[in-house]
Amino acid sequence: MPLQRFEELVASALDQVPEQFASAMDNVVVLVEEHNEEEPDILGLYHGVALPDRGHDYGGVLPDRISIYRGPILSICDTEDDVVEEVLVTVVHEIAHHFGIDDAKLHELGWG
């Protein structure tokens with residue numbers, strides 16, 4: 001799958017985030033990257049300070065980053081429909097980390 005198409009799928013997944021969550025996201029950027037150097041098999045990663053952990057001294061920092069890794073996602077998917085579904089799950093999963101939701105709770109909710 002070409003990079004441009006993959007980026008369109010990530011943008012589409014972001015458009016599906018309910019407005020109350022999308023509008024509550026603060027100081028975060030979503031990037032498509034080929035893979036993570038340290039953990040080449042992970043599908044996505046949240047880098048930053050989750051909203052519940054931000055104190056009164058939070059400010060003047062670079063945006064948090066959500067990285068969506070194209071290579072690993074494509075490697076586990078057989079069809080474009082599989083990619084669409086996995087991108088959505090990965091985007092939601094990483095956005096949830098921005099809101100302070102941990103992996104255990106995400107797995108419990110079906111977004112693991």
Side-chain angles (χ1 to χ4, degrees):
M1 172 179 292
L3 176 60
Q4 181 178 353
R5 177 66 180 137
F6 190 86
E7 288 173 337
E8 290 169 358
L9 295 179
V10 171
S12 177
L14 288 167
D15 288 343
Q16 294 181 57
V17 173
E19 178 57 32
Q20 68 265 31
F21 295 111
S23 64
M25 292 175 64
D26 182 42
N27 200 31
V28 62
V29 62
V30 178
L31 304 168
V32 171
E33 298 179 48
E34 193 56 34
H35 65 276
N36 180 288
E37 292 291 328
E38 290 84 36
E39 297 180 73
D41 295 329
I42 63 172
L43 307 181
L45 186 63
Y46 172 71
H47 316 261
V49 179
L51 292 176
D53 298 332
R54 296 180 183 181
H56 67 280
D57 58 344
Y58 179 85
V61 299
L62 292 174
D64 292 359
R65 290 185 343 260
I66 292 175
S67 298
I68 305 299
Y69 299 115
R70 179 176 170 265
I73 289 175
L74 294 180
S75 73
I76 65 167
C77 295
D78 295 323
T79 67
E80 184 166 318
D81 287 342
D82 293 343
V83 176
V84 169
E85 182 178 337
E86 192 56 55
V87 165
L88 177 61
V89 168
T90 303
V91 166
V92 168
H93 182 103
E94 301 310 329
I95 288 173
H97 287 318
H98 178 67
F99 287 100
I101 301 170
D102 65 17
D103 282 333
K105 185 65 174 179
L106 283 167
H107 284 278
E108 180 184 316
L109 295 171
W111 293 98

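Only heavy atoms go into these numbers, but all of them, side chains included; no hydrogens, no water, no symmetry mates. Bear in mind the structure is a predicted one, so any value in this text is a computation, not a measurement.
No more than 12 heavy-atom neighbours from other residues, nucleotides or ligands sit within 6.0 angstrom of CD on E85. No more than 12 heavy atoms of other residues, nucleotides or ligands lie within 6.0 Å of CD in Q4, so this atom counts as exposed by the packing criterion.
The closest side-chain heavy-atom distance from I76 to L43 is below 4.5 Å. Residues T79 and D82 form a side-chain contact, since some pair of their non-hydrogen atoms from C-beta on lies under 4.5 Å apart. Proximity of L45 to E38: side-chain heavy atoms (C-beta onward) are nowhere separated by under 4.5 Å. In this structure, the side chains of L9 and M1 come closer than 4.5 Å at one or more pairs of heavy atoms. No side-chain heavy atom of I95 sits less than 4.5 Å from a side-chain heavy atom of V28.
Contacts of D41 classified as side chain to side chain contact (heavy atoms under 4.5 Å, CB included), with partners at least two apart in sequence or in another chain: none.
V29 and V10 are not part of a single hydrophobic cluster, where members link through side-chain heavy atoms under 4.5 Å apart. With hydrophobic clusters built from ILVMFWY side chains whose heavy atoms lie under 4.5 angstrom apart, L74 does not share a cluster with L31. Both L3 and V87 are assigned to one and the same hydrophobic cluster, defined by single-linkage of ILVMFWY side chains at heavy-atom distances under 4.5 Å.
Smallest separation of non-hydrogen atoms from Y69 and I42: CD1-O, 3.5 Å. The two residues P72 and P40 come nearest to each other via the heavy atoms CG-O, 3.1 Å.
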task = Could you please spell out the steps behind the side chain to side chain contact (heavy atoms under 4.5 Å, CB included) verdict for Q16 and V91?
result = CA-CA 10 Å; Q16 294 181 57; V91 166; over 6 Å; no
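Counting only residues at least two apart or in different chains, ring-ring contact (aromatic ring centres under 6.0 Å, His included) contacts with residues 10-51 comprise F21-F99, Y46-H98.
Remark: R5 CZ to R70 CZ distance equals 12.5 Å, nearest 0.5 Å. Taking NE2 of H97 as the reference point, atom CG of D64 lies at 12.5 Å (rounded to 0.5 Å). The line from CD of E7 to CD1 of I68 is 12.0 Å long, rounded to the nearest 0.5 Å.
Side chain of D15 to backbone of S12: no donor-acceptor contact under 3.5 angstrom is found.
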